[in-house]
Number of protein chains: 2
Amino acid sequence: MVRKSTEIRQEEIKKAVLDIIYRSGLKKLSTKNIAKEVGISEGSIFRHFGTKKDIIMSIMDDVIKDFIEPLREISLQNEHPEKRLYKHLCKTITYLKENKGITLLMFSEASYENDVDMKEKLTHIFQSQRQLVGKIVSDGIAMQLWDESVSTDSFSHLYMGIPITLNVEIALKGEDVDIKSFCKHNMDMLLKILSK
Amino acid sequence: MVRKSTEIRQEEIKKAVLDIIYRSGLKKLSTKNIAKEVGISEGSIFRHFGTKKDIIMSIMDDVIKDFIEPLREISLQNEHPEKRLYKHLCKTITYLKENKGITLLMFSEASYENDVDMKEKLTHIFQSQRQLVGKIVSDGIAMQLWDESVSTDSFSHLYMGIPITLNVEIALKGEDVDIKSFCKHNMDMLLKILSK
DNA sequence: TATCTTTGTAAGTGATTACTCACTTTAAGA
DNA sequence: TCTTAAAGTGAGTAATCACTTACAAAGATA
């Protein structure tokens, strides 16, 4: 019997959740399967997390820490808006590619359970991401680099579609993407919208 | 005991599925709840559909008939590409608004079950929609109306993000949308991308 | 070495799942 | 009016779900 600290087990459990989700879908995400994946008994899961929901919520907190916060830094930097927009896009696509299970988990779990807390956290993540793009765009317009008739709201809506559509394609077809060329092509289109 | 034909009951069952999904989320979509919503016994459900999966698949067929086919007509019409693109966009947004449960059902059920048949049908719907936009764009480029350096693939990817993001926002916040102004704003941005 | 907290487990819990089956009721056609 | 096929029912099925509990073992500290 190997004993590990709660901290380590929590990480192992969260990793197992993402692996199962990506490999087999949400239906297979049972506490029994999570335990099997980690290599502990089902009861042990509840030593380290109070409920199954707590596991998902903790993963969402990781997303905020590992993805939204870096995104915030990029957006609020004192750098040329075009460079910031490019970095924002690349960071988003890269995170998505490297964490395929996560977005799938968040969207499907939130709509499956229809749980208020989970929806709230997911909305926060989604809105933060959107607002940070909006900030870059309004900076660019204020600096008279970009077309002031472009609505930041409409633009950020369109922008959010890029990672979400990619996510859908990954979920449906397991398709992979070449980050560099993908970012470049999308950036070209975005700049055409923003140009005067 | 009221008796109705299988055809009518099938429609009632499919309507119940969408109502439950939109109102309470996928977790509440049990055959027991469907039966309760329709007002028949659980056993009756299986008189009219072989399995629960058959119900979902039948709903997806409805989407092809009621949404993809009209979209195909619009796209293949002999009309000015700009008009066709606008009609395609409006039809998409309108269908989404009037059938809020459907897209939610398709995406979450497909990723929940991770079922091959369901994923295949969903991919077909998704790809058809995307290809039809691509057709309009390549027509416009061939007619030398639009910038030939724009990749139809990248454009259609970006385009697909519009309905999907709207769908996510509806799912998360129950947000509604003013179709006319929403279409106009997005159309403006799309035309900027396509312009020479 | 003795104690005590933490981590582990096996075997449960009741609730819920999709689906079946033996049987009854309805309504249309002969 | 009689027959028959279709529609409806309620009580079942085994499987699975998240979670609990009583108890054992490990490892750090005294």
Side-chain angles (χ1 to χ4, degrees), chain A residues 1-18 20-21 23-60 105 108-118, chain B residues 1-18 20-21 23-60 105 108-118:
Chain A
M1 195 163 69
V2 187
R3 282 167 56 105
K4 297 183 183 176
S5 70
T6 307
E7 290 73 31
I8 291 175
R9 283 296 190 210
Q10 282 178 341
E11 291 306 313
E12 290 181 353
I13 290 167
K14 287 194 275 186
K15 189 183 178 313
V17 166
L18 296 180
I20 292 170
I21 276 278
R23 209 187 321 119
S24 326
L26 200 63
K27 198 179 188 178
K28 293 285 156 76
L29 191 71
S30 60
T31 48
K32 193 182 171 185
N33 273 337
I34 297 169
K36 202 170 125 192
E37 179 85 15
V38 176
I40 53 178
S41 71
E42 197 178 352
S44 272
I45 299 284
F46 295 93
R47 279 258 176 259
H48 308 298
F49 285 103
T51 63
K52 189 185 167 189
K53 178 180 162 182
D54 286 346
I55 307 176
I56 315 294
M57 294 293 269
S58 176
I59 291 176
M60 288 190 179
L105 165 75
S108 47
E109 184 73 9
S111 64
Y112 177 74
E113 296 281 345
N114 206 31
D115 179 271
V116 178
D117 298 328
M118 242 145 55
Chain B
M1 195 163 70
V2 186
R3 282 167 58 105
K4 297 184 183 175
S5 70
T6 307
E7 290 73 31
I8 291 176
R9 285 296 190 211
Q10 282 179 340
E11 291 307 312
E12 289 182 354
I13 289 168
K14 288 193 276 185
K15 190 184 177 313
V17 166
L18 296 179
I20 291 170
I21 277 277
R23 211 188 318 120
S24 325
L26 199 63
K27 198 180 187 177
K28 291 287 154 79
L29 192 71
S30 60
T31 46
K32 193 182 171 185
N33 272 336
I34 297 169
K36 202 170 125 192
E37 179 85 13
V38 176
I40 53 179
S41 72
E42 198 178 352
S44 272
I45 298 284
F46 295 93
R47 281 257 175 259
H48 307 299
F49 285 102
T51 62
K52 189 185 167 189
K53 177 180 161 182
D54 287 345
I55 307 176
I56 314 293
M57 294 293 269
S58 175
I59 291 176
M60 288 189 178
L105 164 74
S108 46
E109 184 73 10
S111 65
Y112 177 74
E113 297 281 345
N114 206 32
D115 179 90
V116 178
D117 299 327
M118 240 146 56

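Letters go in sequence order (proteins before strands), and every chain restarts at 1.
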Length of the [atom1]-[atom2] vector between [X] and [N], whole Å:
X      : N      : atom1 : atom2 : answer
A:I40  : C:dT9  : CD1   : P     : 7 Å
B:Y112 : D:dT16 : OH    : P     : 13 Å
B:E113 : D:dT16 : CD    : P     : 14 Å
B:F49  : C:dT20 : CZ    : P     : 15 Å
B:K52  : C:dT16 : NZ    : P     : 15 Å
A:I20  : D:dT16 : CD1   : C1'   : 15 Å
B:K28  : D:dC17 : NZ    : C1'   : 15 Å
A:E12  : C:dT7  : CD    : C1'   : 13 Å

Could you tell me whether the side chain of A:Q10 and the main chain of A:H48 form a donor-acceptor pair under 3.5 Å?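 Such a contact is found between A:Q10 side chain and A:H48 backbone.
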Backbone N/O of A:K28 and side chain of A:N33: donor-acceptor pair under 3.5 Å: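 Confirmed, A:N33 side chain pairs with A:K28 backbone.
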What is the nucleic acid contact for B:I45, judged by heavy atoms within less than 4.0 Å: base, sugar-phosphate only, or nothing?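 Since no nucleic acid heavy atom lies under 4.0 Å of B:I45, the category is nothing.
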Is B:L29 touching bases, backbone alone, or none of the nucleic acid, heavy atoms closer than 4.0 Å?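 Sugar-phosphate only.
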Short side-chain N/O contact from [X] to OP1 or OP2 of [N], under 4.0 Å:
X     : N      : answer
B:T6  : D:dA6  : no
B:S44 : D:dT9  : yes
B:T31 : C:dA18 : yes

Looking at [options], which one has an atom nearest to any side-chain atom of [X]?
X     : options                : answer
B:F46 : D:dC17, C:dT20, D:dC19 : C:dT20
A:E42 : D:dT9, C:dT17, D:dC19  : D:dC19
B:H48 : D:dA7, C:dA10, D:dA18  : D:dA7
B:R3  : D:dC23, D:dA7, D:dC19  : D:dA7
B:T51 : C:dC19, C:dA27, D:dA18 : C:dC19
B:R9  : D:dG8, C:dA18, C:dT9   : D:dG8

If every non-hydrogen atom of B:D115 is compared with every non-hydrogen atom of B:M118, which pair is closest and at what distance?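 Reported closest heavy-atom pair: OD2-N, 2.9 Å.
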Could you check whether A:R23 pairs with A:E37 (Lys NZ or Arg NE/NH1/NH2 to Asp/Glu carboxylate O, under 4.0 Å)?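 Yes.
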Closest nucleotide of DNA chain D for B:V2 versus for A:N33: which of these residues is on the 5' side?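 First, find each residue's nearest nucleotide; the 5'-ward one identifies B:V2.
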Close side-chain approach of B:I55 and B:T31, heavy atoms under 4.5 Å: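 The answer is no; the side chains never approach within 4.5 Å.
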Nearest-nucleotide 5' precedence on DNA chain C, B:K32 against A:R47: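 Looking at DNA chain C, the more 5' nearest nucleotide goes with A:R47.
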Heavy-atom nearest nucleotide on DNA chain C for A:E7 versus B:S30: which residue maps closer to 5'?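 Result: A:E7.
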Counting only heavy atoms not in B:K36, do more than 12 sit closer than 6.0 Å to its NZ atom?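 Atom NZ in B:K36 is not packed in, count stays at 12 or less.
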